[in-house]
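Within every chain, numbering begins at 1; the chains are lettered A, B, ... in the order of the sequence lines, protein sequences first and strands thereafter.
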Amino acid sequence: AQTVTQSQPEMSVQEAETVTLSCTYDTSESDYYLFWYKQPPSRQMILVIRQEAYKQQNATENRFSVNFQKAAKSFSLKISDSQLGDAAMYFCAYRRTGNQFYFGTGTSLTVIP
Amino acid sequence: GAVVSQHPSWVICKSGTSVKIECRSLDFQATTMFWYRQFPKQSLMLMATSNEGSKATYEQGVEKDKFLINHASLTLSTLTVTSAHPEDSSFYICSAREVGGSEKLFFGSGTQLSVL
């Protein structure tokens, strides 16, 4: 079974600084997708960024970027110029060529003013 | 982005009663919807995959007779918690993937179920 591991239950970052959230996954598939979702206190899941495994180029979305290391099965999220609104639970997710999404255990990010 | 509406956002019910939660894709068609359960400060646990026009696929350990899922159209899936008990109290989230669209998963806003 696929597993997604987030080894950092909690992280904090000073406002305007940069923070990196870690994620590793286990799969025998070669074609899959990776995601980072954000869940603020409202508990609404919000897509932050997506990466296709067949693409070597790391995905970026404004202040959010990933470091995708396919051989190492690593998919970290970098948040630059952190803002107070970035405070949330962040979930790494894996989706194989079927339908199921698998989520990591989450990292709670605190942004310090 | 695509919108998924989930209703109700919270519900309180007595033990032994049934509760229905609706999940609608408002501006796209979804052949597949997913139902998750989330305990406080924990991850999302996939309960079942709901396919339009066919029976849902349940994850191991999820009682299909307790959590009835119906996906009658391309825009609506329902989860009915039958004979609810206090241990069923949880946050339930639905999600949907657009037909022929991106690989993104769009989420409803969730339903907090409290069983007294």
message: I want to check something: taking the side chain as every heavy atom from C-beta on, are K41(B) and M89(A) in contact at a cut-off of under 4.5 Å?
response: no
- prompt: Hey, is NZ on K78(A) packed in by over 12 heavy atoms from elsewhere, all under 6.0 Å?
  reply: no
query: Should we count NE2 of H7(B) as having more than 12 external heavy atoms under 6.0 Å?
result: no
query: Got a second to check how far I46(A)'s CD1 is from F107(B)'s CZ, nearest 0.5 Å?
result: 11.0 Å
message: Quick one: does any side-chain atom of S43(B) pair with a main-chain N or O of G104(A) as donor and acceptor, under 3.5 Å?
response: yes
- prompt: Does L46(B) belong to the same Ile/Leu/Val/Met/Phe/Trp/Tyr cluster as L79(B), with side-chain heavy atoms less than 4.5 Å apart forming each link?
  reply: no
message: Counting only non-hydrogen atoms closer than 4.5 Å, does Q38(B) touch chain A with its backbone (N, CA, C, O), its side chain (CB onward), both, or neither?
response: side chain
query: By a 4.5 Å heavy-atom criterion (distance strictly below it), what part of L44(B) contacts chain A: side chain, backbone, both, or neither?
result: both
- prompt: How about M45(B): does its CE atom have over 12 heavy atoms from other parts shown lying under 6.0 Å from it?
  reply: no
- prompt: Looking at CZ of R43(A) and CZ of F91(B), how far apart are the two atoms once the value is rounded to the nearest 0.5 Å?
  reply: 4.0 Å
query: Using non-hydrogen atoms only, which part of F91(A) is less than 4.5 Å away from chain B: side chain, backbone, both, or neither?
result: side chain
task: May I ask whether L113(B) and F34(B) are part of the same hydrophobic cluster, defined by side-chain heavy atoms of I, L, V, M, F, W, Y residues being less than 4.5 angstrom apart, directly or through others?
output: no
message: With rounding to the nearest 0.5 angstrom, report the CD1 to CE distance, I93(B) to M45(A).
response: 6.0 Å
- request: Please say whether more than 12 non-hydrogen atoms of neighbouring residues, nucleotides or ligands are located less than 6.0 Å from CD in E87(B).
  value: yes
query: Is K66(B) atom NZ crowded by more than 12 heavy atoms from other residues, nucleotides or ligands, each under 6.0 Å away?
result: yes
message: Y36(B) and ring-ring contact (aromatic ring centres under 6.0 Å, His included): which single residue from F103(A), F101(A), Y102(A), Y37(A) fits?
response: F103(A)
Per-residue contact mode, Q39(A) against chain B (heavy atom under 4.5 angstrom): side chain
